[in-house]
Amino acid sequence: MSYLSTFNPNDRDAAEPFAETDPTGRYGRYSEMLGAGSVKKVYRAFDVVEGKEVAWNQVSLRRFANDDSMILRLFTEVRLLRSLKNKNIIACFDAWNDKRNRTLNFITEVCMSGNLREYRKKHRRVSLRAIKSWGKQILRGVEYLHAHQPRIIHRDLNCSNVFINGNTGQVKIGDLGLAAETRGDGDVLHSMIGTPEYMAPEIFEEKYTETVDVYSFGLCVLELVTMEIPYSECNTIAEIYKKVMGGVKPRALSKVKDPEVRQFIDKCLVRDPERPSAAQLLGDPFFDGVVDDEGDDEDEIFGFKFQFSIP
């Protein structure tokens, strides 16, 4: 069945023709690129059934013809994304392997305001309340991953892998390309992987559990507060390794003057097994008063709270 039977790509009246469509014709990719990384390109696209914009993620498999581990990682990311259903995790709607063009394609929801790092740089005057709201949403996503069966460890949580819809303030975790599944409580992973500035000491030691995501989350909060990437004072991975393993905190932490914020970040950065879980942090007093639509029965408009009951 073709959903695009009325669309003529040669129609001169068409405002913006699709560069390509998926095998069913439901999704059309535009030429405009939303972003590009070392592995994939992300294009603006349109879902003609739902009438909404989406993101078309495309990976050229030719580049990894001799790298079976990378191919496995790519397909694992897509499989993971399709299995996850949480409002703070980027949703994946469809995926297919285009064997003729040798590309892996997957359709995800799009956060038009981009990643949280760039969004924070763009908006320098942000209240602590807003940062707490973003942080709580990130934790909701992390909690979901860690409670999933099988348990999922993101392993590369940082502000460039968290995305935001600026018009609503909704935050979503993405880029699960380095995520790993564990089969039970207490499972220990041994591969050293991730973004060095955000890696917990246990990852450098190659023996860790899901609490490494909590460590990375703490550094996300630090970046959101200071607008400085942790350990930016270091010039090499070796320097980062030396400081992390020596218990030296990132320089940016000295810029945090609010004792409540400093205390919360410190909780995230303690060594495992003292480090709290995502679920425990969600109950931390740091988030008291943060409006959260996860089970709340009140709304807030222009600073006023209104109680209402659901019949």
Side-chain angles (χ1 to χ4, degrees), residues 114-139 141-142 153-164 171 173-175 178 189 191-278 280-282 284 286-287:
N115 69 57
L116 200 51
R117 175 173 296 161
E118 296 304 319
Y119 188 79
R120 179 67 176 95
K121 289 179 181 178
K122 181 179 178 182
H123 301 284
R124 302 182 68 86
R125 295 173 64 91
V126 174
S127 71
L128 179 57
R129 173 176 171 171
I131 291 173
K132 287 183 177 183
S133 176
W134 295 341
K136 192 169 187 179
Q137 291 181 72
I138 296 171
L139 268 184
V142 172
I153 308 176
H154 191 286
R155 298 200 297 184
D156 197 23
L157 188 66
N158 64 73
C159 290
S160 69
N161 288 338
V162 178
F163 302 89
I164 183 168
V171 168
I173 298 172
D175 285 347
L178 299 184
L189 299 184
S191 54
M192 188 170 69
I193 199 167
T195 300
E197 292 86 349
Y198 289 82
M199 286 165 53
E202 310 96 84
I203 295 185
F204 285 112
E205 294 170 338
E206 300 184 50
K207 187 177 181 181
Y208 56 92
T209 65
E210 70 274 4
T211 63
V212 296
D213 287 342
V214 172
Y215 178 96
S216 300
F217 165 74
L219 293 181
C220 285
V221 175
L222 176 62
E223 180 180 344
L224 291 173
V225 171
T226 64
M227 288 188 293
E228 182 177 321
I229 294 176
Y231 294 108
S232 57
E233 65 272 22
C234 298
N235 296 314
T236 65
I237 295 176
E239 287 183 42
I240 296 173
Y241 170 83
K242 184 177 180 179
K243 288 198 172 187
V244 172
M245 298 311 296
V248 179
K249 300 293 176 62
R251 179 186 60 189
L253 200 57
S254 64
K255 297 182 179 181
V256 180
K257 304 305 180 183
D258 187 316
E260 179 194 26
V261 178
R262 175 63 187 259
Q263 183 183 40
F264 181 77
I265 294 174
D266 282 338
K267 286 181 183 179
C268 301
L269 303 186
V270 299
R271 289 294 298 253
D272 196 47
E274 286 77 25
R275 192 178 302 138
S277 67
Q280 289 171 328
L281 282 179
L282 281 169
D284 193 274
F286 181 74
F287 293 115

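The shown structure was predicted, so the numbers you read here are calculated from the model rather than taken from an experiment. Atoms considered below: every heavy atom in the structure, side chains included; atoms not considered: hydrogens, waters and symmetry mates.
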Check: Ser216 side chain, Asn158 main-chain N or O, donor-acceptor pair, under 3.5 Å: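 No, the answer is negative, given that no donor and acceptor are paired below the 3.5 Å cut-off.
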
Check whether Asp156 reaches the backbone of Thr195 with its side chain - one donor and one acceptor, N or O, closer than 3.5 Å.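 Confirmed, Asp156 side chain pairs with Thr195 backbone.
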
Taking all heavy atoms of [X] and all of [Y], pick out the closest pair and write down the distance.
X	Y	result
Arg275	Pro201	NH2-CD, 4.4 Å
Asp213	His154	OD2-N, 2.8 Å
Val214	Ala278	CG2-N, 3.8 Å
Tyr215	Met199	CE2-O, 3.4 Å
Val126	Ile131	CG1-CG1, 3.9 Å
Val212	Tyr208	CG1-CB, 3.5 Å

Do the non-hydrogen side-chain atoms of [X] and [Y] ever get within less than 4.5 Å of each other?
X	Y	answer
Met245	Glu205	yes
Glu197	Glu223	no
Lys249	Ile265	no
Lys136	Trp134	no
Pro196	Tyr241	no
Ile138	Leu157	yes
Gln137	Val162	no
Val221	Cys268	no

Would you say CZ of Phe204 has more than 12 non-hydrogen atoms from neighbouring residues, nucleotides or ligands within 6.0 angstrom?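 Yes, CZ of Phe204 has more than 12 neighbouring heavy atoms, counting only those of other groups under 6.0 Å.
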
Please determine whether the number of non-hydrogen atoms from other residues, nucleotides or ligands lying under 6.0 Å from atom CG of Leu128 exceeds 12.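 Yes, enclosed.
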
If you round to the nearest 0.5 Å, how far is [atom2] of [Y] from [atom1] of [X]?
X	Y	atom1	atom2	result
Phe163	Arg117	CZ	CZ	10.5 Å
Met227	Leu222	CE	CG	12.0 Å
Tyr119	Ile164	OH	CD1	4.5 Å
Arg155	Asn161	CZ	CG	13.0 Å
Leu281	Phe286	CG	CZ	10.0 Å
Leu253	Thr226	CG	OG1	9.0 Å

Determine, step by step, whether Glu202 and Arg271 satisfy the side chain to side chain contact (heavy atoms under 4.5 Å, CB included) criterion, reporting the C-alpha distance in whole Å, the side-chain angles of both residues, the deciding distance to 0.1 Å, and the verdict. CA-CA 8 Å; Glu202 310 96 84; Arg271 289 294 298 253; 4.2 Å; yes

Parallel, tilted or perpendicular: which one describes the rings of Phe217 and Phe264, with boundaries at 30° and 60°?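 Taking Phe264 first and then Phe217, their aromatic rings stand perpendicular (interplane angle over 60°).
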
Electrostatic pair Lys121:Glu118 at N-O distance under 4.0 angstrom: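 Salt bridge flag = yes for Glu118 with Lys121.
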
For Arg120 and Cys159, run side chain to side chain contact (heavy atoms under 4.5 Å, CB included): C-alpha distance rounded to whole Å, both residues' side-chain angles, the deciding distance at 0.1 Å, then the answer. CA-CA 9 Å; Arg120 179 67 176 95; Cys159 290; over 6 Å; no

Sequence neighbours left out, what passes side-chain contact (heavy atoms from CB on, under 4.5 Å) with Gln263? Give chain and number order.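 side-chain contact (heavy atoms from CB on, under 4.5 Å) check on Gln263 returns Lys267.
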
Considering residues at least two apart in sequence or located in another chain, which fulfil the side-chain hydrogen bond (donor to acceptor under 3.5 Å, both in side chains) criterion with Glu228?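 So Glu228 forms a side-chain hydrogen bond (donor to acceptor under 3.5 Å, both in side chains) with Ser232, Arg251, Lys255.
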
